[in-house]
Amino acid sequence: MPAPENIRLLIKARWIIPVVPENRVLENCAIAVHNGKILAIVPQEEADKRFHAEQTINLANHLVTPGLINAHGHAAMSLFRGYADDKPLQDWLHNHIWPAENQWVNEDFVRDGTELAMAEMIRSGTTCFADMYFYPEQTAQAAQQAHMRTQISFPIFDSASPWGQGADDYLAKGLALHDNFRSSELVNVCFGPHAPYTVSDAVLEKIAILAPEMDCTVHIHLHETAFEVEESLKKYAKRPIQRLADFGLLSPLTQCVHMTQVDDGDILLLQNSGAHVIHCPESNLKLASGFCPVQQLLDANINVALGTDGAASNNDLSILSELKTAALLGKAIARDAAALDAHAALRMATINGARALNMEDKIGSLEIGKSADIIAIDLGELESQPLYNPLSQMIYSNSQKVSHVWVEGKALLLSQQLQTLNEREIIGKARWWRQQINQG
Ligand SMILES: [Zn+2]
């Protein structure tokens, strides 16, 4: 018999859902991790003979899946959680969020808010998040330090903000940031034109040229409300997505966030371009923006990923709870209880997210050679009993706890304890900001 292979980490789990191949549930298997990558997924007895692990984690009551991907958010807005609720989008933005941002957002705010958001995301099973916010260099650094994977889309729009003077300034700063993180394994920097109604034609045209040249993704809020579509029809005599298409801005590198207003022409544009849709059901519900027809998009072979949006419009950053909302809402909109089944929902938050962020070769499934971005959910507690189907408990019962989180094989959460972020300090800073903002 050959000598056992020395490896860094062996994760033994009661259930593993690798996501690829589809709809598969493995029982009593183990994941061997070495150099941050998945080396093998084999039955536990075979793993015991084949590997000698520096560390073995036994997860006897747990479901292990790929790390969840939050494909849209504004992490630092966690510091505005509960600051302004129950307002429609335009009133919420113009009269509450934008004035508060102008007054309070600075480098420290973004750093502290991002850490609060990451701590919450890790505790709910997110290993990778897409972000769009001011001072993106702060978000990028904070993510790198906490060892989270991220896509940072630097924001671009016409008007000035605390972060810069206008579109040219944002582009210059963003491209410098892209250069700084060029060699990072965890941080990907890309274009974040805020929305068609905040970015002029000339700037959209410029991004359409730069993005494919640099092989960079483009992240944009699109068709979030009926108002946005009506205004575009009045001003440009075309729907916003058509305007993007005319600039050559719809491609497999494009992530269209929201898409609550979708007609047959829009579906054709998405299909023909290979652009991705990022669905944010709880934000759309809270701001009464509309409904994204997810099953219809999936049936048309359009890739749909999942995002929480910022904490001010959700108000939590748990992609796990977003999964339940997405699955339930998807059924209601399709008027079909079989629509968006549990496996399809999980795919949205894993492999579809990886595809949308152009990271499919690295993450999104538990496959040999992929990065060891892995989570475990404890299904041993009362709320998960009796247990007929582990995935059903994960998607629909939604009261269970994420116990372990790894990114590149490095532990970010062990037995529900954060490993790369300081919980007490983060709570202290959040309280401090609340005091400042309340007095302001
Ligand atoms: Zn957003």
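Both counts, for ligands and for their atoms, begin at 1 and track the order of listing. The first residue in the sequence is number 1, and the count goes up from there. None of these values were measured; they are calculated from a predicted model.
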_NZ/Lys37: more than 12 non-hydrogen atoms of other groups inside 6.0 Å_ = no
*Do other residues, nucleotides or ligands put more than 12 heavy atoms under 6.0 Å from the NZ atom of Lys206?*
no
*What number of protein N, O or S atoms occur at distances under 2.8 Å from the Zn ion (ligand 1)?*
4
*asked:* Quick check for you: to the nearest 0.5 Å, what is the distance between Asn70 atom CG and Thr308 atom OG1?
replied: 3.5 Å
_Shortest non-hydrogen separation from Pro240 to His223 and the atoms involved_ = CD-NE2, 3.4 Å
*asked:* Could you check whether Asp336 pairs with Lys331 (Lys NZ or Arg NE/NH1/NH2 to Asp/Glu carboxylate O, under 4.0 Å)?
replied: no
*Does the pair Glu423/Arg123 count as a salt bridge with the N-to-O cut at 4.0 Å?*
yes
